[in-house]
Amino acid sequence: MNFQILDADYVTEDTAPVVRLFGRAEDGKSVCCYVPGFEPYFYVNASDELDLICKLIKERFDVVKNVEIVQRFEPVGYQKSKKSMIQVTTYEPRHVPEIRDDILQIPGVMEVYETDILFRNRFLIDRELHGMGWVSVSPSQEAHQGGKIYCDTVCLDRQPAEVDKLPNAPLKFLSFDIECLPIGGSMPSPDESPVIMISLTFAPAYNGHDSIVLVAKPVSGAGPDVESLQNEESMLKRFFEILRDYDPDILIGYNINDFDIPYISDRIKFLADSGTNINSGSGRDGRPMSYRKIGTMTMISMAGRVVVDVLPLVRSQFSLKRYTLRNVAKELLDREKLDVAPSEMEDHWNDEGEKLLKFIDYARRDSELAMELVMKLQLLDRYIAISRVSGSLLQEVIDGGQTSMVENLLLRECRIRDRVIPPKPDDNLVYSRNKNSEGLKGGEVLEPKKGLLENVVILDYKSLYPTIMMAHNLCYSTVVEKDIPGEGETITPPSGGRFVTADVSKGIMPAILENLLNRRIETKKRMKDISNEDEYKALDATQLAMKILLNSFYGYAGYTRARLYSLTLANAVTSFGRENILTTRSLIEDTIHTIYLKDGNSYLQSEIASDPLNKDISLSVVYGDTDSVFVQCTGKTEISLEDAELVGKKISGIVSASLPDPMELEFESIAKRALFIAKKRYAIWVFERFGDGWKDGIKVKGMETVRRDWCELTSKTLNRVLELVLKAGEVEAAVQHVRKVVDSIRNLDVTKDRDIIDDLTMTRMYSKRREHYKNKQPHITVAEKMEQRTGSLPPVGERIPFVIIAGKDLFVNRAEDPEYVRENNVPIDVDYYVKKQILPPVERILGVFGVDLVNLDYDSKQTGLSDFTAGPSEKKIRRSVPRTSDIGGQPPNSGSQSSLFDF
DNA sequence: GGTAGTACCTAA
DNA sequence: TAAGTTAGGTACTACC
């Protein structure tokens, strides 16, 4: 039988650990496989007298089952040979952390290694199994008789082996959402407010239901997808009954980690304290779900299943102004969330008819939306692929950061190469690392040639940092710290330090990266001749996972909480990167200099005889950031996209040939027009190959249109300006447009059109606890105002919307909650929006063309606009445009979404 | 009026 | 048992 590993843990039977692998089989059955015979261990590094220390450990600690002297490399530094170390095996996994500190106290003991690897991970790593990987268990084994297990199949196997299989098992997804009845309209609390409804959405369907809403009171006139229960107690019981019966692999919800799951858990505890016991068993081992608060995060665990809170996933993958389910559903699914306002809940709940039915349907929508987000946006595919490639369990990949996956890969490769890994650094070590961490320098950003440019070829380095590590054999295992290699056997990066060459000793990290890179290329190749859509998607997710993993190693090396932290290594990588982009620039400008085009081919001067019919194009690097170069092409005649493409490919070929393998400068795209405002701020009209033709679009980087702390009005106005300037070259039309916008704001009657508030709303993240703010911030003032009004402060991490209202006070004090402004007809600070939100960003763009700011605004007391003049750098030209003239081409937006500013 | 310090968000 | 990294622009405020 084959099944896919969803989760793993262990139980103790007769003082010996037995690993449990939970999963879903090909035939759809859920499986729990018991694996006995795997033992916990760790390493001890001591000076001399290993035999004596072995004996001491064995005598002193009765939880030690065995000690053995083994040969291993130390974690960091090039070493010519392995070292004798002690491998200590204990009876139970918990014994490892129990004795490690005492062992460190033994005279002669210097370090302990791998003392904090979770047992389930230790098992997966050593047996070369992977999260979400397929394993085969032989059919001959007897069923295991352990505990109360909610699985279709319970089996026993000492040696489950991984099998190669791409598609996922027929996984079952259950999405849920709870509704609580707030007492007096305030935030519900588990020891006061009952859970009144639970909505469930199933994929695939459960007994013919796609969704069910459980209601904790009698309901009449509801459809078949509503289950009415007598009271809260029987509803909660029913919820867990369905959960166990449906037996989902993935439990989904929106904000369930921080709300629904802790709420249910606490509510059950509260009910139990008042004498009502509910079987809340929900894991595959029949135990309840549990949660722990770690810092600001809540960690959920449920044996055998994976808990997926959609909120953090959406947060990390989409840049949105707000992450309420309402806004996310609207932005990403184009779906409306249905809501009963908290103040009306009680009224709806106490109703017997239509209002109650409406409430029920509204509740249903929430679990449907969470499910839809996961399915339609394929939110899990990438995590499943990362789990399979890195080996970490899916739950860890979803909850954790890059650390767990990088460490998982490192542990696997190091184990094969007999190299041990240190434990996570303690607070003191982290502190001392942080103190010195100013020593890590990053990428090089070239000063852009500001202004409007034409024919800019864009090239970038493919996976720059990973390829640098491979090319120069940069690794923890190659850095020279302990043993001294021979003459000429080392590489010295621009940042200093020394690394042995791959000929002397191939680095572990370069090996991992090379493997990932090659597999990614192979996966991409396979994608080309595959017609099955699911398989294509799985391969695509796999190649993306490999890309993510490739790019995670550099950051890990410079991360102060990493087990393996090396400033020398991280600095080596970035210093090669900086050197590289600078060399690339001079190679392009000084060595290549000009490219000659003839009959659809490109040549260097040395490759071609001078001929007046040739098209010569001279090159200039106008911008570059870390791994990219923007090359402006100038010629005596018009340069076509095809010409620019030839140039780009020629540059790519020449530069790549000059680089060590596998570094590669890739031709990316062509900017027909490009506008550079500052470092990290530009807009380009970009063309990319699309089959035989070209696909074009405007790409904006860093400017206000892509920033969430500017209002929508700014984005819309700026986008229009950029489009006019870049695509049509129509500066005048752009000026005209801005005037029209300014005019509209100046004449705004906010009391009449309250929808405009949406366009004037800015958002900022409430990023740290209030007491840590040294200065007042607009969004924090709003958060405080909201606290006064509703009694609760928004949680840290939430994005807070605000508008600026009229008044004489300081800016920060005039920030106000948009909802409050809408409801109370609070006047908006029109002048702020014109002078601070529209004009400065617009001027940064139009200033390039000599348009002066004063000509874009007029004082509200004046009746009209004066003519505007060119700026000091340009010739004075009259570019007056009648205010009433039409812009043309862009019909005004109509329909319910329209706004005053959609010109 | 210039400038230092804080905060935020983005590029890579 | 929380968390990959640095570079860089812009706005606001307090302060000289």
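As the structure is a prediction and not an experimental result, all values here were calculated from the model. Residue numbers start from 1 in every chain, and the chains themselves are labelled A, B, ... in the order their sequence lines are given, proteins ahead of strands.
Between A:Ile581 atom CD1 and C:dA7 atom C1' the separation is 12 Å, expressed in whole Å. Rounding to whole angstrom units, CD1 of residue A:Ile838 and P of C:dA11 are separated by 13 Å. Spacing between atom CD1 of A:Ile117 and atom P of C:dT1 amounts to 13 Å, rounded to whole angstrom units. Here C:dT6 presents its P atom at 17 Å from NZ of A:Lys679, a figure rounded to the nearest Å. Atom-to-atom, CG of A:Leu118 to C1' of C:dT1 comes out at 8 Å; the value is rounded to the nearest Å. Here the C1' atom of nucleotide B:dC8 and the NZ atom of A:Lys321 are 14 Å apart, to the nearest Å. Note: CG (A:Asn571) to C1' (C:dT6) measures 11 Å, nearest angstrom. For A:Arg94 and C:dT1, the CZ to P distance is 19 Å, given to the nearest whole Å.
Using a 4.5 Å heavy-atom cutoff, the side chains of A:Thr763 and A:Arg322 are in contact. Between A:Thr761 and A:Cys711 there is no side-chain heavy-atom pair separated by less than 4.5 Å. By the 4.5 Å heavy-atom criterion applied to side chains, A:Tyr833 and A:Val803 are counted as neighbours. When side chains are defined from C-beta on, A:Leu446 counts as touching A:Arg585, because their heavy atoms get closer than 4.5 Å.
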Do any side-chain atoms of residues 423-431 of chain A form donor-acceptor pairs under 3.5 angstrom with protein atoms, and if so which ones, sequence neighbours left out?
unit_1	atom_1	unit_2	atom_2	d
A:Asp426	OD1	A:Asn428	N	3.3
A:Asp426	OD1	A:Leu429	N	2.9

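Taking side-chain N and O atoms only, A:Ser767 has a distance below 4.0 Å to OP1 or OP2 of B:dC8. The side chain of A:His772 contributes no N or O atom lying less than 4.0 Å from OP1 or OP2 of B:dT6. Distances shorter than 4.0 Å separate some side-chain N or O of A:Thr403 from OP1 or OP2 on C:dG4. Between A:Arg561 and C:dT5 there is no side-chain polar atom (N or O) within less than 4.0 angstrom of OP1 or OP2. Side-chain N/O atoms of A:Lys441 include none lying less than 4.0 angstrom from OP1 or OP2 on C:dT6. Taking side-chain N and O atoms only, A:Tyr773 has a distance below 4.0 Å to OP1 or OP2 of B:dC8.
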Nucleotide N/O of nucleotides 10-12 of chain B paired with protein N/O under 3.5 Å:
unit_1	atom_1	unit_2	atom_2	d
B:dT10	OP1	A:Val706	O	3.1
B:dT10	OP1	A:Arg708	N	3.1
B:dT10	OP1	A:Arg708	NE	3.2
B:dT10	OP2	A:Arg708	NE	3.3
B:dT10	OP2	A:Arg708	NH2	2.7
B:dA11	OP1	A:Gly702	N	2.9
B:dA11	N3	A:Lys680	NZ	3.0
B:dA12	OP1	A:Tyr682	OH	2.8
B:dA12	O3'	A:Asp625	O	3.4
B:dA12	O3'	A:Asp627	OD1	2.1
B:dA12	O3'	A:Asp627	OD2	3.2

Polar atoms only, N or O, under 3.5 Å: list the protein pairs with nucleotides 1-3 of chain B and their distances.
none

Atom pairs, protein N/O to nucleotides 12-16 of chain C N/O, distance under 3.5 Å:
unit_1	atom_1	unit_2	atom_2	d
C:dT13	OP1	A:Phe811	N	3.3
C:dT13	OP1	A:Val812	N	3.1

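Using a cut-off of 4.0 Å between Lys/Arg side-chain N and Asp/Glu carboxylate O, A:Glu98 and A:Arg94 are scored as salt-bridged. Comment: A:Glu447 engages A:Lys450 in a salt bridge, judged by a side-chain N to carboxylate O separation of less than 4.0 angstrom. A:Glu787 has a carboxylate O that lies under 4.0 Å from a charged side-chain N of A:Arg770, or vice versa, which qualifies the two as a salt bridge. Ion pair A:Arg120/A:Asp7 not flagged as a salt bridge, since none of the NZ, NE, NH1 or NH2 atoms sits closer than 4.0 Å to an Asp/Glu carboxylate oxygen.
For A:Glu816, the salt bridge (charged side-chain N to carboxylate O under 4.0 Å, His left out) partners two or more places apart in sequence, or in a different chain, are A:Lys785, A:Arg789. Partners of A:Thr714 by side-chain hydrogen bond (donor to acceptor under 3.5 Å, both in side chains), not counting sequence neighbours, listed by chain and number: A:Gln837. Partners of A:Tyr554 under the ring-ring contact (aromatic ring centres under 6.0 Å, His included) rule, at least two apart in sequence or in another chain, are A:Tyr465. Residues passing the ring-ring contact (aromatic ring centres under 6.0 Å, His included) test with A:Phe667: none are found, sequence neighbours excluded. For A:Asn551, the side chain to side chain contact (heavy atoms under 4.5 Å, CB included) partners are A:Ser463, A:Pro466, A:Lys547, not counting sequence neighbours. Remark: A:Tyr559 engages no residue in a ring-ring contact (aromatic ring centres under 6.0 Å, His included) (not counting sequence neighbours).
With A:Val479 as the partner, the side chain to side chain contact (heavy atoms under 4.5 Å, CB included) test is satisfied by one option alone out of A:Leu569, A:Leu474, A:Val76: A:Val76.
Residue contacts for A:Gln777: at a heavy-atom cut-off of 4.0 Å it reaches the sugar-phosphate backbone alone, with no base atom in range. Across all strands shown, A:Arg578 has no heavy atoms under 4.0 Å from either base or sugar-phosphate atoms. Base engagement by A:Gly555 is indicated by at least one non-hydrogen atom pair under 4.0 Å involving a base atom.
End-to-end axis angle for the helix from B:dG1-C:dC16 to B:dA12-C:dT5, using five pairs per end and rounding to 10°, comes out at 20°.
Contacts with DNA chain C (heavy atom under 4.0 Å) in residues 290-301 of chain A: A:Arg292, A:Ile294, listed by number.
Taking the six-membered ring for Trp and the full ring otherwise, A:Phe630 and A:Tyr623 have centroids separated by under 6.0 Å.
Each of C:dG8, B:dA7, C:dT10 was ranked by its minimum atom distance to the side chain of A:Lys774; first place goes to B:dA7. Distances from the side chain of A:Tyr559 to the nucleotides B:dA7, C:dG4, C:dA11 place C:dG4 closest.
Both the sub-6.0 Å distance and the 45° axial angle are not jointly satisfied by A:Lys449 relative to the ring of A:Phe676.
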